[in-house]
Each structure stands twice: as C-alpha cells, then as structure tokens.
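The chains referred to below are lettered A, B, ... by the order of the sequence lines, with proteins before strands, and numbering in each begins at 1. When reading the values below, keep in mind they use all heavy atoms of this one structure, side chains included, and skip hydrogens, waters and symmetry mates.
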Amino acid sequence: MVKTKAPKYQPHDLETKWQARWEATGLYRTTRDDDRPKHYALTMLPYPSGDLHIGHWYAMAPSDAKARFMRMNGYNVFFPIGFDAFGLPAENAAIKRGIHPKKWTMDNIARMRIQLRQMGAMWAWDHEAVSCLPEYYKWTQWFFIKLYEMGLAYKKFAPVDFCPKCNTTLAREQVWGEDRHCERCSTPVVKRELNQWFFKITAYADELLDGLDKIEWPERVKAMQRNWIGRSEGAQVTFRTERGDPLSVFTTRPDTLWGATFMVLAPEHPLVLELTTPEQRQQVDDYRRQAARQSEIERQATDKEKTGVFTGAYAINPVSGKRIPIWIADYVMMSYGTGAIMAVPAHDERDFEFAVKFGLPIVPVIQRPDGAAKSLVSPGSVRDMAGFAEWLTTNGIGYEQAPVGSLGDGLYVTLHGADQIERYIAQMRASILPGNWNEVVGSRFAFVFDDAVWDLDSVEAGECILARCKSIYPPVWRNRTVMEMLHSLPFYRDVLLHAEYGEMINSGEFTGTPGAEARSKVIKWLSEKGLGHAEVNYRLRDWLISRQRYWGAPIPMIYCEHCGTMPVPISDLPVLLPDDVDFMPTGESPLKYNEAFRNTTCPRCGGPAERETDTMDTFMCSSWYHYAYVSPYYKGDVPFDPLEGKYWLPVDQYTGGVEHATMHLMYTRFFTKAMRDMGLVDFDEPMLRLFTQGTILGEDNEKMSKSRGNVVNPDDYVSTLGADTVRAFLMFIGPWELGGSWSSTGIEGLHRFINRIWNVVLEKNDAPTEPAQDAEVAELRRCTHKTIKIVTDDIRAFKFNTALAALMQFNNYLVKAKESNVYQTEAWQEALRTLTLLIAPLTPHLAEELWEHLGGAYSVHQQAWPSYDPMLAADEVITLIVQVNGKVRARLQVPADIAEADAKALALANDNVKMYLADKSVHKLVYVPGKLVSIVI
RNA sequence: GCCGAAGUGGCGGAAUGGCAUACGCGGUGGUCUCAAAAACCACUGGAGGUUGCUCCUUGUGGGUUCGAAUCCCACCUUCGGCACCA
C-alpha cells in the first residue's frame with residue numbers, strides 16, 4: 001500500500017498560529033446569552049510570582065479542558081482570569097533589590113500574561129482583574145466600609161509575630177520550624193501586641209457550618225471546614241468564688257458537674273489578680289509572666305508536661321456546695337470559651353493529669369459503660385492465696401499470677417460487670433487478713449478492709465480511705481490522694497479514668513440518671529435553678545485583616561481626636577497607596593512614616609486627623625474577585641454590574657488547591673453571606689461545586705523546590721513538544737485530585753500519541769481495493785461510539801487520565817483499521833471527526849488544525865459535542881466467563897443476546913469445564929446475563 | 001490523640017461485587033539503516049508445565065458471598081489537616 005506522508009507535526013508554529021486566530025476572531029469573548037444555560041467556570045486566582053511554573057499548568061490546563069467541554073455541550077461558558085497582585089513577595093523584592101513593588105508586580109503580570117496565552121486556554125481576557133490597581137482596590141476598601149457599617153469590623157489588641165533582628169512583623173508563613181524562627185535571618189520570633197482590625201466571621205459560624213450541606217464540595221474540604229469551625233454544644237455554668245464573684249465556665253459535660261473538684265483559669269484571666277491571696281502572689285505573678293513570654297504555639301504543644309499554680313482562692317461548686325480550689329494553668333486558653341474551666345479529673349484526661357501531678361482530689365461521677373474493673377491481690381494479704389485463686393477460676397474471673405515488686409507473687413485480677421465485682425468483693429471480705437486491704441478500681445472504686453468496704457464516692461471518703469491505708473502500710477505516706485496512690489501502679493492505669501457517657505453516680509439527686517439523657521436533664525435543671533444554660537462554642541476565631549505592610553489595600557479609616565474613628569466617605573474612595581515610600585522595615589507599616597498619606601482632615605469636623613496606616617490581608621482581595629470578574633473595575637455605585645452578576649453568578653465550578661480549604665474558601669463564603677445581607681446578591685454560597693486538584697511533584701516524587709533542583713520549567717517543553725503535549729501529559733499522569741510526579745519519559749510517550757493522531761488523520765493511504773464488509777463497519781462504529789461514551793463520562797467527572805487512555809485505545813484501533821477496507825468509508829470519516837472533537841478540550845490547537853484539514857467549519861471549539869448511540873455501541877458478541885467453584889475455567893464467545901438456558905448448556909458442554917465437573921453433581925448454577933455462568937459443585 | 005485520603009507489576013496507574021494488571025513509561029527481541037537516533041512490529045506480574053494448561057499474586061489477618069482489589073471487622077504503613085478547644 002502506498003502512503004502519502006503527512007506534513008510534519010510542528011506544534012510551535014501551529015499553536016502560535018491558532019492562538020493568534022482565536023484572539024483575532026474573539027473566540028473566547030464572553031457575552032450574556034439567554035438562549036443557552038450559563039456556566040461560570042473558575043480556577044483559583046494566581047499570584048504573579050514571576051514565571052508561570054508547572055504547578056500553574058497542572059491547576060489550570062485541566063480546568064480549561066473542563067470549561068471547553070462544557071462549552072461544546074451547549075453552555076455559555078465564562079472562564080475568567082486575573083491576578084492576586086498585592087502581597088509580601090513584591091515588598092520583599094523591593095527591600096532586597098530596590099525595585100518598586102508596583103513595577104515588580106506589573107512586570108511579572110506582563111510576563112505571565114504571555115506565558116498564560118501559550119497554554120491555549122479559553123480565558124475571557126476582556127474580563128481580567130488585577131487586584132493591586134486602584135480601580136480594583138477601591139472596591140476592596142468599599143467592602144471594608146460596608147462590613148464596618150454592618151458592625152462586622154472591629155478593632156482590638158492582638159499579638160503578631162515580630163522578628164527583632166529584621167525589625168519587622170511576619171506573616172504566618174514567614175515563621176518556620178518548631179522553634180518558630182524568622183524565614184530570612186533564623187532569629188526566633190517574638191510576640192507583639194498591636195491594635196488591629198478584625199472581621200466578625202464568627203457571627204456566621206452556624207451558617208458557614210450548615211451551608212456546607214448545600215454545596216457539592218469534596219467531603220475532605222467540608223470536613224476540614226467543619227473541623228475548623230469546631231462547633232461544640234454544652235452549657236455555660238456559673239460558679240462563684242468564696243467571696244462571691246461570679247465565675248462562668250463552658251463545659252460540654254454538664255453531667256459531670258458533681259465531679260468538678262477544682263477550677264482552672266487561664267493565666268491571663270481578668271479575675272486572677274483579684275483572687276490571688278497574698279501568700280500565693282509571688283508564685284502567681286511569676287507564672288503569669290512566664291506564660292506571657294511563651295508563644296501561643298509553644299503553649300499548645302501537647303507533649304509538654306502540665307504546669308500551673310494555686311491562687312490560694314476557692315470557689316463553690318454550685319451543685320454540691322463543696323469548696324474547691326482555684327488554680328491557674330496554661331493548658332486553659334483565654335481565647336476559647338470563658339477562659340476558665342471546671343476540672344473533672346475523673347472524666348477528662350487533661351484534668352486527670354493535672355490533678356495527679358498536683359495532688360488534687362479525683363472523684364468518679366460517671367459509671368464506666370464497659371463495666372471493667374481491676375484488682376491486685378498482694379502476696380500475704382488473703383488467708384489462702386491458692387484457695388482464692390481457685391475460687392477465681394471456678395467463678396470464671398480472669399487473673400494472672402505474677403510478682404508484685406520484690407514481695408513475691410500476687411494475683412492481677414480483671415473483672416467484668418457489676419455481678420462479678422459484687423461477688424469478688426464479698427469473697428475478698430471473707431478472705432482478707434487483718435492489717436491488710438484490697439482495692440477494686442474501675443467500674444467501681446471500693447476498698448475492702450477486714451471490717452468494712454469503703455467506696456470512693458466523695459472527696460471526704462477519699463481522705464478517710466487514704467488515711468487508713470497510710471496507717472496500714474506506711475510506704476504510701478507520700479501520696480496526697482487515693483488516685484495518686486492507685487496511679488503509681490501501672491496495672492491500674494487504663495481503668496482509672498474514662499471520658500465516655502454513662503450512668504451518673506455520686507451525683508446527689510441525679511445519681512442513677514442514664515448516660516443518654518444525663519446531659520439534657522442537667523442542663524434543664526441548671527436553667528431552672530438559674531445556675532446555667534445551654535451554650536454553643538466555636539473553635540473558629542475572628543479574621544485578623546490588619547497587615548503592617550505597604551503593598552496592600554490601605555484600610556480606609558480615619559482617626560480624629562474630636563470625632564473618633566470613622567470610615568473614609570465612599571465618595572473619597574479609593575484611598576490611594578502612595579508610590580513614594582521608604583520600605584526599610586521598622587516593624588510598622590511604611591505608610592506610618594509617609595506624612596502626606598497619614599495626615600488628613602476629618603470628614604466630619606474638618607480638623608486635622610490621621611489615616612489608618614495598616615493595609616489589608618490579601619485574602620480580602622481574593623474573597624470577592626469572582627464577583628469583580630463579571631464586570632472588572634466597575635464604575636457604578638456597587639462593586640459589579642448587577643445585570644452581569646444576575647446572569648453569571650454564582651460560580652458553577654471552582655477548581656483549585658486543597659491548601660485553601662480553611663482560609664480562602666472560608667473567607668469567600670463569609671464574604672458572600674455578608675454580601676447577601678448587604679443586598680448585593682440573592683444567594684448564600686459563592687461556589688456551587690468545587691474540585692480540588694492534587695500537587696504535581698518532581699521526577700523524584702518530592703515537592704518541587706529550587707534547593708532540590710527538581711523544578712520543571714514548562715516553557716522548555718512548550719517550545720519543543722508543544723503546549724498540547726504538556727497539557728495532555730499533565731492530565732494523563734493520574735487522578736487529578738491525587739496529584740502525581742513529573743516524568744520526562746512519560747511526556748515523550750504522550751507526544752508519540754499526539755503524533756500518531758496526527759498521522760492517522762493526515763497521512764493518506766491508497767483507497768482499499770475491496771468494499772468494506774458490514775461487520776467491519778459495524779465494529780468501527782461500535783468502537784467510535786463506545787469511546788464517545790467513555791470520554792464524555794470521564795471528562796464530566798474530571799477523570800482526564802482515563803479519558804485519555806480511552807482515546808489512546810481508540811487511536812490504536814484506528815491505526816489498524818486504516819489498513820483495512822473500512823478506510824475512507826463514511827464510518828471512517830465519522831471516526832476521524834469524532835476523534836478530533838473528543839480531543840478538542842484536551843489538546844485545543846491540535847484539534848483545531850485537524851478539524852480544518854477534515855473540512856470542518858471554524859472553530860472546532862464551537863462544535864457540538866458528539867453524542868453516542870447506545871445501539872451502535874452495543875456489543876454483538878460477548879465473552880461469557882465460566883467459573884467452577886469460583887475459578888475461571890473457560891471463556892466463550894457467544895452472541896450478546898444469548899438465552900439463559902443456552903448459555904448454561906454451552907458452559908456445561910465445554911471440555912475444560914467437564915474435566916472439573918468429572919463425576920460430581922452440579923450443586924448450584926448462577927447465571928449473570930451478559931457476563932458469566934458460575935458452576936458450584 | 002482526633003478527622004480525612006491512600007496502599008495493585010520494575011514505575012505512573014486501570015478496574016468499586018463477575019476475565020486483576022486497561023492505557024502509558026521502562027525493559028527485551030525484531031524491521032528499517034553503513035551505523036545510530038527516530039519510527040514501526042512483537043513480547044513483557046511471579047512460579048511450574050505434558051504449552052489447546054495449572055498454581056500463586058491487589059499492605060497484613062479474619063469474615064460475608066457461587067464469586068472480593070472492590071463489601072464488613074481488626075491491624076500495619078504512608079501522606080494531608082487539626083490538636084491541652086474544656
């Protein structure tokens with residue numbers, strides 16, 4: 001057969017040609033169109049770091065492919081792009097190299113625009129938004145003022161990380177390592193208290209939580225947000241100090257109130273100074289000073305041993321009336337709940353640890369649900385050790401005989417259930433020798449003496465028990481509490497405390513209340529008595545938006561000595577960032593030293609006033625950028641054109657990195673809810689669907705970094721293999737949500753595939769000499785339509801890797817079919833057109849070129865997505881699997897519509913199957929239509 | 001510690017109750033060439049074999065089922081998030 005060589009595939013020429021044509025014809029310009037359903041596709045706003053790296057490609061190319069797919073499926077697709085242009089790297093470049101942040105940023109954007117165009121994405125460049133331009137940040141400032149007017153912005157003192165050597169405040173990501181040192185000079189950072197602006201995101205905590213049920217986001221991201229919001233239900237209970245000051249605590253376990261044997265306040269708690277007795281003053285002051293020096297992170301290190309000091313003061317437990325000591329400790333955080341806790345050491349691990357360390361009393365008030373208890377029978381403590389052991393065995397009680405220190409062998413007994421415990425104690429009472437005791441711990445805490453059984457059911461009981469034990473066995477003189485004594489025995493440790501719900505015990509009138517209703521009953525009772533009420537607490541904190549930096553949107557607030565704090569009048573926006581500032585770090589905003597900026601006049605009294613000199617967190621800019629896109633730099637009196645917004649919003653499909661799960665994605669949801677309450681939008685959630693892609697790793701399976709030297713520069717591959725190859729390879733690596741590693745040989749393989757497509761479409765064979773058989777044509781069409789189905793389903797579900805695998809398989813089939821008589825039939829032409837349309841979202845330039853060669857009308861990207869015909873895709877012949885006792889013994893080619901009886905008969909008649917059946921009788925025959933016959937013998 | 005994701009050939013991965021290892025990379029052999037590269041073709045999980053076949057294999061151990069990579073239980077490893085949150 002004679003072949004006419006196709007022109008060589010020259011990706012670079014072809015891609016620049018089509019990019020120019022797409023631009024010239026305005027192919028991706030987007031306008032409202034009420035005849036088509038709209039689809040707002042969005043990929044996360046890039047930061048203009050300088051060069052487009054492979055990570056940008058990995059995030060954006062598949063997102064573009066999906067947007068193109070939606071467009072071919074009849075949607076009016078809006079796929080905008082812009083730049084998150086404020087932020088630290090620009091300012092650092094200014095400090096280090098003397099380039100103005102604006103110039104650095106705008107130069108980077110200019111370079112990235114060119115690189116982004118090389119990707120061949122369908123971006124609506126006419127909607128580009130750059131967040132550092134005054135026309136943009138005017139609206140960022142507008143949002144600040146609106147939030148302020150709604151009471152959602154407020155100012156308070158809050159700590160920032162500060163590097164004493166660089167003399168500058170640091171962002172969270174600039175603080176590194178366990179020892180929390182400065183990213184640039186490795187000096188350990190210190191905390192500084194500064195008066196800063198916050199947004200009251202906590203006002204929407206419940207809505208942010210509940211809204212998660214309404215959006216199609218990955219469960220992983222929703223779980224992270226739920227975790228971050230950290231809603232916990234419980235009660236607020238008011239204790240009183242002995243002097244009478246109210247002292248409120250938050251607890252999730254009001255059912256354990258009777259077991260609250262002490263209280264702990266955060267060292268910063270305002271009541272501490274008043275409560276501390278003169279004798280304890282010195283210790284408390286020292287501890288408070290030490291706690292203040294530590295960073296929040298240091299304080300929160302879990303593995304650290306508990307510390308604390310006694311204030312000398314006492315409180316009254318409101319339910320038991322008992323006098324309990326008040327301590328301070330840094331394991332209690334001022335920022336959560338009320339900054340004070342009731343400590344229930346018997347049912348909280350932290351309180352237990354604290355109580356054991358400081359000799360505070362521990363009383364169990366909740367029954368163990370598992371009924372487990374332990375007892376150690378010391379050598380010589382019972383009348384007849386062997387007989388006792390025998391009694392245990394005959395009563396089905398488990399024990400182990402092992403040495404107890406150097407005293408000889410004892411019995412380590414494990415009990416289960418109230419009945420066993422009861423009988424054990426009775427038996428022990430009968431066996432225990434005078435001058436000894438035995439204890440049962442766990443499900444019951446009972447001390448068996450020769451004349452009585454004492455239960456640990458109150459603080460006082462504990463004291464009596466301990467006193468008697470000391471008189472019997474002096475070596476325990478050192479122990480301050482019964483529990484401390486028991487804790488010294490490792491055998492007991494796992495049954496001393498539990499945090500489960502269970503029947504209330506030792507709790508006055510509530511004793512006997514079942515675990516399931518304990519919490520609600522106690523809360524109801526507390527409310528009736530006026531001692532407390534149901535309460536919900538959140539882990540979520542308000543959003544700190546002040547940055548002591550130059551390169552950000554100035555916070556539009558004015559401080560007047562006479563009129564106080566007030567927002568800049570809307571008509572005066574934007575508050576322009578001055579160009580002429582000194583960036584040298586001082587630990588404060590460079591704007592503070594710009595007199596022309598700082599000094600202003602009061603909009604109310606006209607007198608001299610000062611501007612706020614801090615700028616805003618860049619997460620502010622990115623909280624509303626998807627609204628800006630619909631009409632960038634809008635000139636009206638709201639941030640975006642309401643008509644455009646009404647048509648395009650909200651975002652239908654968002655894609656981006658999972659690293660934004662709790663910051664950006666939480667802030668933008670908060671913004672949308674606030675915007676709804678301002679009357680700007682009529683929906684609750686900004687992004688209906690979210691897909692989070694994984695990370696692209698270096699060839700060595702490690703995160704790409706300059707120091708590792710495993711960074712891949714996409715430009716190198718774009719110039720040689722072409723953008724289409726890079727795009728398609730990134731999509732082929734593996735499931736998009738899992739990320740994957742770069743492979744320089746893998747991308748060659750993809751390039752080969754693209755070349756094979758090129759050749760199968762463009763290389764001309766001689767016409768076949770014989771006409772094609774019907775069966776051959778049917779098979780070709782079956783393959784075509786099956787491929788349409790797979791590729792459609794896979795791209796819709798972001799499974800680009802398997803979509804490409806299906807296309808490779810289809811192409812491999814076409815390479816063979818080309819040598820047969822189906823070549824140049826109508827079915828052949830259908831196959832080539834289909835192949836071209838199916839690859840259009842993945843490799844847009846290649847598809848456009850091939851489409852032109854096939855005689856299709858410009859542009860391939862405006863064509864309808866091919867539909868598949870299930871009748872054509874259906875198999876005529878299937879492989880019927882025959883199993884004998886679950887093992888495959890034969891594969892039969894049978895008509896797809898074979899009758900059950902025929903299939904079974906064929907299976908049983910197969911020679912290999914017969915060998916396994918031999919003379920045995922068939923016990924069961926399973927038939928799955930179209931799949932298999934399973935024979936059980 | 002809690003929450004989440006993942007574990008399959010030499011490698012990336014496919015298959016979510018019915019042929020394990022699709023597709024690609026790598027490897028081996030071949031065609032073409034003076035030669036090489038490229039391209040193309042064939043083979044490629046392991047072990048055995050009487051080669052028109054068998055056994056083993058999806059992190060480990062159990063279970064459910066005619067049948068399990070897939071469902072259930074327990075455990076191990078890796079990665080991500082949160083972490084003294086009362």
* Can B/G49 be described as syn, meaning its chi torsion is within 90° of 0, or is it anti? -> anti
* To do: Provide the distance between the two P atoms, one in B/C43 and one in B/C23, to the nearest whole Å.
  => 11 Å
* **Selection from B/C82, B/C55, B/C25 that lies nearest to any side-chain heavy atom of A/Asn227** => B/C82
* To do: Taking atom P in both B/G67 and B/C19, compute the distance separating them and give it to the nearest angstrom.
  => 15 Å
* **Nearest to side-chain heavy atoms of A/Gln883, which nucleotide of B/C66, B/G26, B/A14** => B/C66
* Asked: Which of these nucleotides, B/C82, B/G13, B/A15, is closest to any side-chain atom of A/Thr802?
  -> B/A15
* When you measure from the side chain of A/Gln809, which nucleotide among B/A86, B/A22, B/A5 comes out closest? -> B/A22
* Asked: Could you state the CH2-C1' distance from A/Trp742 to B/G24, rounded to the nearest angstrom?
  -> 14 Å
* Centroid-centroid distance, A/Tyr717 to A/Trp57, less than 6.0 Å -> no
* Side chain of A/Ser934, base of B/C66: donor and acceptor closer than 3.5 Å? -> yes
* Asked: Salt bridge check: are A/Asp213 and A/Arg226 linked by an N-O gap of less than 4.0 Å?
  -> yes
* P gap between B/C71 and B/U58, integer Å -> 15 Å
* **Rounded distance in Å - CD1 (A/Ile229) to C1' (B/G81)** => 15 Å
* Structure fact -> Closest of B/A15, B/C84, B/C19 to the A/Asp330 side chain is B/C84
* A/Phe354-A/Trp327 aromatic ring centre distance below 6.0 Å -> yes
* Nearest whole angstrom, please: distance from the P of B/G18 to the CD1 of A/Ile878. => 15 Å
* Asked: Does A/Lys306 get its side chain close enough to the base of B/C84, under 3.5 Å, for a donor-acceptor pair?
  -> yes
* To do: Decide whether A/Tyr204 and A/Arg669 meet the rule of one side-chain donor and one side-chain acceptor closer than 3.5 Å.
  => no
* **Below 4.0 Å: OP1/OP2 of B/C55 and any side-chain N or O of A/Arg889** => yes
* To do: Return the nucleotide paired to B/A68: Watson-Crick means purine N1 to pyrimidine N3 with N6-O4 or O6-N4, wobble means G-U with N1-O2 and O6-N3, both under 3.5 Å.
  => none
* Pick base, sugar-phosphate or nothing for A/Asn912, based on heavy-atom distances below 4.0 Å to the nucleic acid. => sugar-phosphate
* What distance separates A/Asn317 CG from A/Met342 CE, expressed to the nearest 0.5 Å? -> 8.0 Å
* Can you find a heavy atom in the side chain of A/Trp736 that is under 4.5 Å from one in the side chain of A/Thr655? -> yes
* Within the pair A/Arg752 and B/A39, is there a side-chain N or O less than 4.0 Å away from OP1 or OP2? -> yes
* **Spacing of A/Leu807 atom CG relative to B/A22 atom C1', expressed in whole Å** => 14 Å
* **First encountered from the 5' end of RNA chain B, between A/Ile733 and A/Ala223** => A/Ala223
* To do: Quote, to the nearest angstrom, the P distance that separates B/A38 from B/C25.
  => 13 Å
* Looking at every strand, decide which applies to A/Asp911 at a 4.0 Å heavy-atom threshold: base, sugar-phosphate, or nothing. => nothing
* Take the protein atom OH of A/Tyr9 and the nucleotide atom C1' of B/A38, then report the distance between them rounded to whole Å. => 17 Å
* To do: Kindly point out which of B/C53, B/A14, B/G26 is positioned nearest to the side chain of A/Thr745?
  => B/G26
* Of the nucleotides B/C82, B/C19, B/C23, which one has an atom closest to the side chain of A/Arg891? -> B/C19
* Structure fact -> With the side chain defined as heavy atoms from C-beta on, A/Lys816 is closest, among B/C84, B/C23, B/A42, to B/A42
* Asked: If you look at every strand shown and take non-hydrogen atoms under 4.0 Å, does A/Asp351 touch a base, only sugar-phosphate, or nothing?
  -> nothing
* To do: Taking atom C1' in both B/A22 and B/C73, compute the distance separating them and give it to the nearest angstrom.
  => 32 Å
* To do: Scan A/Val928 against the nucleic acid and name what it touches under 4.0 Å (heavy atoms): base, sugar-phosphate only, or nothing.
  => base
* Asked: Between A/Arg220 and A/Glu737, is the closest basic N to carboxylate O distance under 4.0 Å?
  -> no
* Should A/Asn801 be listed as having a side-chain N or O under 4.0 Å from OP1 or OP2 of B/A14? -> yes
* Would you mind pulling out the nucleotide paired to B/U58, Watson-Crick or G-U wobble, both distances under 3.5 Å? => none
* Does B/G24 have OP1 or OP2 sitting under 4.0 Å from an N or O in the side chain of A/Asn812? -> yes
* Structure fact -> Between A/Asp351 and the options A/Val264, A/Ile341, A/Ile362, the side-chain contact (heavy atoms from CB on, under 4.5 Å) test singles out A/Ile341
* To do: For A/Asp794 and B/C23, give me the distance from atom CG to atom C1', rounded to whole Å.
  => 12 Å
* **Whole-angstrom distance between B/U78 and B/A86, as gauged at atom C1'** => 33 Å
* To do: Map A/Tyr336 and A/Ala805 onto RNA chain B by nearest heavy atom, then report which one ends up closer to the 5' terminus.
  => A/Ala805
* Asked: Do A/Lys904 and A/Glu900 meet the salt-bridge criterion of a basic N to acidic O distance under 4.0 Å?
  -> yes
* Asked: Which part of the nucleic acid, if any, lies within reach of A/Gly230 when heavy atoms closer than 4.0 Å are counted: base, sugar-phosphate only, or nothing?
  -> nothing
* **C1' spacing across the pair B/G12 / B/G62, given as an integer number of angstrom** => 32 Å
* Structure fact -> Here the distance between atom P of B/U78 and atom CG of A/Asn701, to the nearest Å, is 16 Å
* Phosphate OP1/OP2 of B/U65 contacted by A/Lys924 side-chain N/O (<4.0 Å) -> no
* Determine the interatomic distance between C1' on B/A20 and the same-named atom on B/U57; round to the nearest Å. => 9 Å
* Provide, to the nearest angstrom, the distance between the CH2 atom belonging to A/Trp228 and the P atom belonging to B/C3. => 19 Å
